[in-house]
Each structure stands twice: as C-alpha cells, then as structure tokens.
Participant: 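I'd like to ask you about the structure that follows.
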Amino acid sequence: MEILRYAAFTDDPAGGNPAGVVLDATGLPDADLQRIAAEVGYSETAFLTPSGHRAAAVRYFSPRAEVPFCGHATIATAVAYAERYGPGPIRLQAPVGEIRVDTAAGTATLTTVAPATRTIPPDTAALLLSTLRYNTEDLDPALPLRAAFAGAWHPIVALRNRARLSALDYDEPALAALMADQHWTTVAVIWRESPTVLHARNPFPPGGIYEDPATGAAAAALGGYLRELGLVTVPVDLTIHQGADLGRPSLLHVGLDEDHTAGVRVTGRAVALD
C-alpha cells in the first residue's frame, strides 16, 4: 500500500494543510484505516476504493475518528490522482454523497452536496462562546451565529476584527466535549475583510488537532451559510485566507451559484510533500 502526502490549498510545501492520500485502499478493514491515519498524523487521510473509470469510494479519517467529509483531503487526493492518471473529472462517493471533482495541473475544484444551515439554541451558543473565550461584544452583528453544513456541520462564529481572530485561545477539553455532543466537525471562526474576502481559523479538537490550517469543508459550509442568509450577492467567488496564524498560509476559493440548493464549489492547489 502506498501512502502519499500532499499539502492542500497551497503550491508551497511549507504552507497549506497536509493530508495523507491512499489511492487504493481496497479491502482494508476500518481498524487499519484508523491506525494508518493515526500513524500519518495529519488532520485527515483520505482512502480511495476504485469503483470504475475515474470513480471511487472515499473515506476520511482523522488521527482519532472517521469524519464524513474533508475538503482539503479531497483536494489533495484529486491532485494526486490527476498526477497519477491524468487531469479531468473524478467522481468520489463519500459517506455524505457524491462529490464531483474537476482537476487540472496542480489544481482541483470539488462540488459539495447541497448545503444547509440551522440555528444554535441559546444555551449551546453561550457555551460555545464561553469555551472559545469570546463574548457577544466580540461578534460581528452582521453575521449571525449559525451551524452550517456542506458535507459536515460547523458552527460559524464571526468576529468584529482581525485582532480577536489572531488571538484565538480556547478551552480544548470543553470545546471537544461540546463538539462531540453537537456532532460538529470543526468550528469556523471567521473575520470578514470585505464582502468577498474572509479570514478563517478552525479549531479541530475532535480530530486530535488543535487547529486546522486549511479547511475546505468549513469553507464550503461558510459559503452556503452566506448564500442562504442573503449575506452575499450571488453568483459570486469568495476568497478565504487561513493558516497564516499557524505559519502555514493557505488560500481557498469558494464559488456560489444563485440556486440555494446547488452544491458549493471549493477550489485549491496542492503539492506533494515527498
């Protein structure tokens, strides 16, 4: 079995979010998938089981648990696949549904399943802010607190200024427990620089990672949230900066059509790490 290592949402090996990629995991039991992901040690490793011409089932494992969908590992996998088998479309059957991917030289664009949003009950919202060590004065009143989905659920916490985003410091055990109870994958803490440019940080304690340097699933969920709540004029392309505070700058592009039921497009580059 060959384990590839790529950094997604960058063309610099020192940037982006590293992901493990296994292009053929046929027959491997779940225990082996989880063990390999833990040994690789990245926030996610993607495992493909080929199912036809440029088609495969895909599963994603963090060092601690399986996750339903991972954007950066999908981008990494698609670029690795294209380098091995040539550019073009790929159909990936994830646990949450089919993820369509288009690849070109060093770049991939995925299209998610239909996005959704839901309100967060006041007591849960208060607990979330407490574990993040924020209060209501830290929040951007134009971007309401919601949970958003485009393959995995993420609460969207929008801050008033970049300084509070840079100062991210949370109660890791408390946030991990809350996220497990709510079935959240990461928390998308964001600051909006302009209507189409955003900055993000993503705590990921359920995966055994303090913070993700680039989170395609959360970027897609954020895009769906902005569209559904009428907080952006569609169609539109968004730019999301992430990872700079960790020394691994990452660049994510999110495309939104006018149809609120349409999947969200996430585009990024990826580069091999070895």
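Side chains are part of it too, since the values below use all heavy atoms of this structure and drop only hydrogens, waters and symmetry mates.
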Participant: Sort and list the pairs that fulfil ring pair (Phe, Tyr, Trp, His ring centres under 6.0 Å) and have at least one residue in residues 13-59, not counting sequence neighbours.
Facilitator: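 Residue pairs with at least one partner in residues 13-59: F47-F61.
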
Participant: Is it true that, when you exclude R54 itself, more than 12 heavy atoms of the residues, nucleotides or ligands shown sit nearer than 6.0 Å to its CZ?
Facilitator: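 Enclosed: over 12 neighbouring heavy atoms sit under 6.0 Å from CZ of R54.
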
Participant: How close do G71 and L110 get, counting heavy atoms only, and between which atoms?
Facilitator: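 Shortest heavy-atom separation between G71 and L110 comes out as O-CD2, 3.8 Å.
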
Participant: Determine whether the side chains of T109 and R265 contain a donor N or O and an acceptor N or O closer than 3.5 Å.
Facilitator: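 No, R265 and T109 have no side-chain donor paired with an acceptor closer than 3.5 Å.
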
Participant: Using a 3.5 Å cut-off and no angle test, enumerate the donor-acceptor pairs between side-chain atoms of residues 128-135 and protein atoms at least two apart in sequence or in another chain.
Facilitator:
from	atom 1	to	atom 2	distance (Å)
T131	OG1	L127	O	3.4
T131	OG1	L128	O	2.8
R133	NH1	D169	O	3.4
R133	NH1	D169	OD1	3.4
R133	NH1	Y170	O	3.2
N135	OD1	E137	N	2.9
N135	OD1	D138	N	3.3

Participant: Please report the C-alpha distance between R192 and L143 in whole Å, then the side-chain angles of each, then the deciding distance to 0.1 Å, and finally whether the side chain to side chain contact (heavy atoms under 4.5 Å, CB included) criterion is met.
Facilitator: CA-CA 9 Å; R192 186 166 63 169; L143 302 175; 3.7 Å; yes

Participant: T185 and H154: side-chain hydrogen bond (donor to acceptor under 3.5 Å, both in side chains), yes or no, with the steps?
Facilitator: CA-CA 6 Å; T185 300; H154 310 261; 5.0 Å; no

Participant: Any ring pair (Phe, Tyr, Trp, His ring centres under 6.0 Å) pairs touching residues 231-274, not counting sequence neighbours?
Facilitator: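 Passing the test, one end in residues 231-274: H199-H241.
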
Participant: Are the side chain of S43 and the backbone N or O of D212 linked by a donor-acceptor pair below 3.5 Å?
Facilitator: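 Checked: no pair found.
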
Participant: Hey, are the side chains of L175 and V187 touching, using non-hydrogen atoms and a 4.5 Å cut-off?
Facilitator: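 Touching, per the 4.5 Å side-chain cut-off.
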
Participant: Is there a side-chain contact between V232 and L256, using heavy atoms and a 4.5 Å cut-off?
Facilitator: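 They are in side-chain contact.
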
Participant: Less than 4.5 Å apart, side chain to side chain, heavy atoms only: is that true for F9 and L251?
Facilitator: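 With C-beta onward as the side chain, the pair stays apart.
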
Participant: For the pair R201 (side chain) and S166 (backbone), establish whether a donor and an acceptor sit closer than 3.5 Å, ignoring hydrogens and angles.
Facilitator: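 Yes.
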
Participant: What are the two closest non-hydrogen atoms of R227 and A262, and how far apart are they?
Facilitator: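 Looks like NH2-O, 2.7 Å.
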
Participant: Got a salt bridge between R59 and E44, using NZ or NE/NH1/NH2 to carboxylate O under 4.0 Å?
Facilitator: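 Looking at E44 together with R59, the answer is no, because their closest N to O distance does not fall below 4.0 Å.
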
Participant: Indicate yes or no: at least one non-hydrogen side-chain atom of V189 is less than 4.5 angstrom from one of P203.
Facilitator: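 Yes, their side chains come closer than 4.5 Å.
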
Participant: Short question: side chain of N17, backbone of A214 - any donor-acceptor pair under 3.5 Å?
Facilitator: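 Yes, the answer is positive, given that a donor and an acceptor are paired below the 3.5 Å cut-off.
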
Participant: Looking only at atom types and distance, does a side-chain atom of T215 sit under 3.5 Å from a main-chain N or O of A218, one as donor and one as acceptor?
Facilitator: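 No, T215 side chain to A218 backbone: no donor-acceptor pair under 3.5 Å.
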
Participant: Is the backbone of V197 close enough, under 3.5 Å, to the side chain of T239 for a donor and an acceptor to pair up by distance?
Facilitator: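 No; judged by distance alone, with no hydrogens or angles, the pair does not exist.
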
Participant: So, D12 and R269, do they make that salt bridge, N to O below 4.0 Å?
Facilitator: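 So D12 does not pair with R269 through a salt bridge.
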
